[in-house]
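Structure first, commentary second.
It should be emphasised that the depicted structure is a prediction, and the values quoted were computed from it without experimental measurement.
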Amino acid sequence: MLNLGQMLGAGIYSVPGVILNSVGSIGLLFVFWLLAPLFALGGLMVYSEYASMFPKRSGAEVVYLEQAYPRPQFLVPVMFAVTSVLLSFSATNSIVFAQYVLTIFDIPITPARQTIIAVAVCAVGMAFVALSTKWSLRAVNFLTGLKVLSLVFLVFTGALVLGGFTHIRDPFANFRSPFSGSTANPNSLATALVKTNFAFSGWHNAFNVIGEVHTRDPVRTVRKAGLLSLFLLACLFFFVNVAYVAAVPKDEISNSGQFIAALFFQRVFGGGFAAKTLPIMVALSCFGNITVGQTRVLREIARQGLLPYPRFFASTKPFGTPLAPVCLKYFLTVLVIVALPARDAFNFLIDLSSYPNLVFNAATAIGLWLLRRRRILAGLAPSKYRARNIYVSLYLLSAVFLLIMPWVPPENGHGDVSFWHATYCVVGLGILALCGFYYWLWIVVLPWLGGYTIVEEVEQLEGGALTARLTRKYHPSAADIDNGEQQPLITST
């Protein structure tokens, strides 16, 4: 459920139109919905091997990178923590929720209306998490089940369309000459892959809590759960796209923006009750991802001492919930919703949230090869879950491709934002530079000025899971040394 709940968000209901507008053909649309789970599979195999090396360490990528790149000390956890904080907004799901709610009630979508509803629904979602962990988890479990049912319903409806049981006259029209209009522009292909990867984001979610999995073989359990959830959603997502293509003309899909699901319902059910009611499932799916988010991750980052005022952000007072991380996440979400042009906000935020993480993805793949070499030199046996090099290479190449190709100008009319196409690349690199500055200030400058050193302490939690936190170790003063505080308690004779 951890993986499913994270992957089942706004993606499948909002990005197919953007993807088709980028690649230009139905055939390439389907190709990218097959490629994305393959790249995710490569990442899952990489994570499985890492997890087998450190089975009691929760935290996934940050733990793996810290082990692969121990120098400079603390650089990886600090950069990863700051990036996670800055990209912890839930704006994409809030925006799609707002757009679909306005569509349900036949209210024209304007920037002001979209912004107001997005901010309001985000506040409601955050309130669930802030006031009650129990009820927020119940809401998430209910909405996750609803998400799966909505996808199954879409696939079933698509089968009815293809079988000729609806008023769609020629459901196979878009399947003829499927690669007609295909593009080879690198920017367009990168845009399509970013959007499909967004739909599958969350495939690694269970690795974040592997230290809390109490089975005979936690790695096998998490790996199996990841494979099952990835296979299930890859099939559902692919056949949902088949349903879209069967019911909606190609040109309308390309111009649908984030409204492909609403357009599908209108095409199949006309203007009746179903066409008005079914988009509610899409809105609720988006709401489910607003409620969960990354508040737990933010609290863990604070508890490990990677943020200023760690006690404040790690506290669960007064409701037994991560109230401070919830407020921080809400502030960041509102900030990006208000700051960005409404028409470009969704696509830009998807692109931006992916770019800094691609650097971590590439480093994770390379780091696995480095760790393997160190283990061989140390005389350690290979991992039981050793990933084949083809999987590692797939994961690395996808990250490198998406880091480079967005800088190439797109074809006219195929950009997914109205401003400069590589803006998100520059902002993403700026976030990484800010992380580096924070590391230099917090690990180097402030300790030098304050007379202390940042050290790492490893703690064993209840159940045997291990976690690490950074603390200050103050240098002894000259007075302490003069008073004999540093002398041994028993002098040798």
Side-chain angles (χ1 to χ4, degrees), residues 7-21 23 25-30 32-34 93 95-109 143-178 180-181 195-196 199 232-288 346:
M7 285 191 282
L8 288 171
I12 187 60
Y13 305 111
S14 55
V15 299
V18 180
I19 296 170
L20 182 58
N21 183 61
V23 299
S25 71
I26 299 297
L28 280 183
L29 171 70
F30 290 143
F32 274 91
W33 283 104
L34 294 175
N93 286 286
I95 290 168
V96 175
F97 179 94
Q99 293 174 340
Y100 271 83
V101 166
L102 291 170
T103 301
I104 291 168
F105 292 101
D106 288 328
I107 300 174
I109 299 175
L143 292 173
T144 298
L146 183 64
K147 294 173 189 179
V148 175
L149 289 176
S150 66
L151 288 182
V152 172
F153 178 80
L154 275 170
V155 173
F156 178 73
T157 305
L160 293 179
V161 172
L162 290 171
F165 297 101
T166 67
H167 68 274
I168 304 297
R169 292 186 176 180
D170 188 3
F172 295 96
N174 285 337
F175 295 93
R176 302 186 186 101
S177 303
S180 175
K195 299 303 187 291
T196 47
L232 172 64
L233 289 191
C235 293
L236 285 175
F237 286 176
F238 182 83
F239 288 114
V240 166
N241 276 274
V242 171
Y244 291 155
V245 171
V248 184
K250 177 182 175 181
D251 291 341
E252 292 186 25
I253 298 175
S254 296
N255 298 321
S256 64
Q258 287 84 56
F259 297 101
I260 179 60
L263 197 58
F264 171 81
F265 291 135
Q266 291 172 5
R267 277 277 173 178
V268 175
F269 298 103
F273 176 78
K276 295 293 183 182
T277 305
L278 294 176
I280 294 175
M281 295 191 299
V282 178
L284 290 176
S285 296
C286 298
F287 180 77
F346 179 79

(request) Evaluate the side-chain proximity of Trp33 to Val242: yes if any heavy-atom separation is below 4.5 Å, no if none is. (result) no
(message) Under the criterion side-chain contact (heavy atoms from CB on, under 4.5 Å), I'd like the reasoning laid out for Asn21 against Ile253: C-alpha separation, chi angles, the key distance, then a yes or no.
(response) CA-CA 8 Å; Asn21 183 61; Ile253 298 175; over 6 Å; no
(request) Spell out, as yes or no, whether a donor-acceptor pair under 3.5 Å connects the side chain of His167 to the backbone of Phe269. (result) no
(request) State the CD1-OG1 distance between Ile280 and Thr103, to the nearest 0.5 angstrom. (result) 12.0 Å
(request) Please test Phe239 against Leu151 for side-chain contact (heavy atoms from CB on, under 4.5 Å), starting from the C-alpha separation and ending with a verdict. (result) CA-CA 9 Å; Phe239 288 114; Leu151 288 182; over 6 Å; no
(request) May I ask you to test the Val15-Thr196 pair for a side-chain heavy-atom distance under 4.5 Å? (result) no
(message) Is there a side-chain contact between Leu162 and Ile168 in this structure, where contact means two heavy atoms from C-beta onward sitting under 4.5 Å apart?
(response) no
(request) Using ring-ring contact (aromatic ring centres under 6.0 Å, His included) as the criterion, point out the one residue from Tyr244, Phe259, Phe153 that pairs with Phe264. (result) Tyr244
(message) If you compare all heavy atoms of Ser256 against all heavy atoms of Gly17, which two are closest, and at what distance to 0.1 Å?
(response) OG-CA, 3.6 Å
(message) Distance check, rounded to the nearest 0.5 Å: Phe237 atom CZ versus Leu154 atom CG?
(response) 11.0 Å
(message) Tell me the closest heavy-atom pair linking Leu29 and Leu20, and the distance in Å.
(response) CD1-N, 4.2 Å
(message) Can you classify the ring geometry of Phe30 versus Phe238 as parallel (below 30°), tilted (30 to 60°) or perpendicular (above 60°)?
(response) tilted
(request) Would you check if Gln258 and Val18 make a side-chain contact, meaning some heavy-atom pair closer than 4.5 Å? (result) yes
(request) Quick one: pull up CD in Glu252 and CG in Asn174 and give me the separation to the nearest 0.5 Å. (result) 9.5 Å
(request) Consider only side-chain N and O atoms of Tyr13 and Ser150, and report whether a donor and an acceptor are under 3.5 Å apart. (result) yes
(message) For the NZ atom of Lys250 and the OG atom of Ser180, what is their distance to the nearest 0.5 Å?
(response) 5.0 Å
(message) Nearest 0.5 angstrom please: Leu233 CG to Lys147 NZ, how far?
(response) 10.5 Å
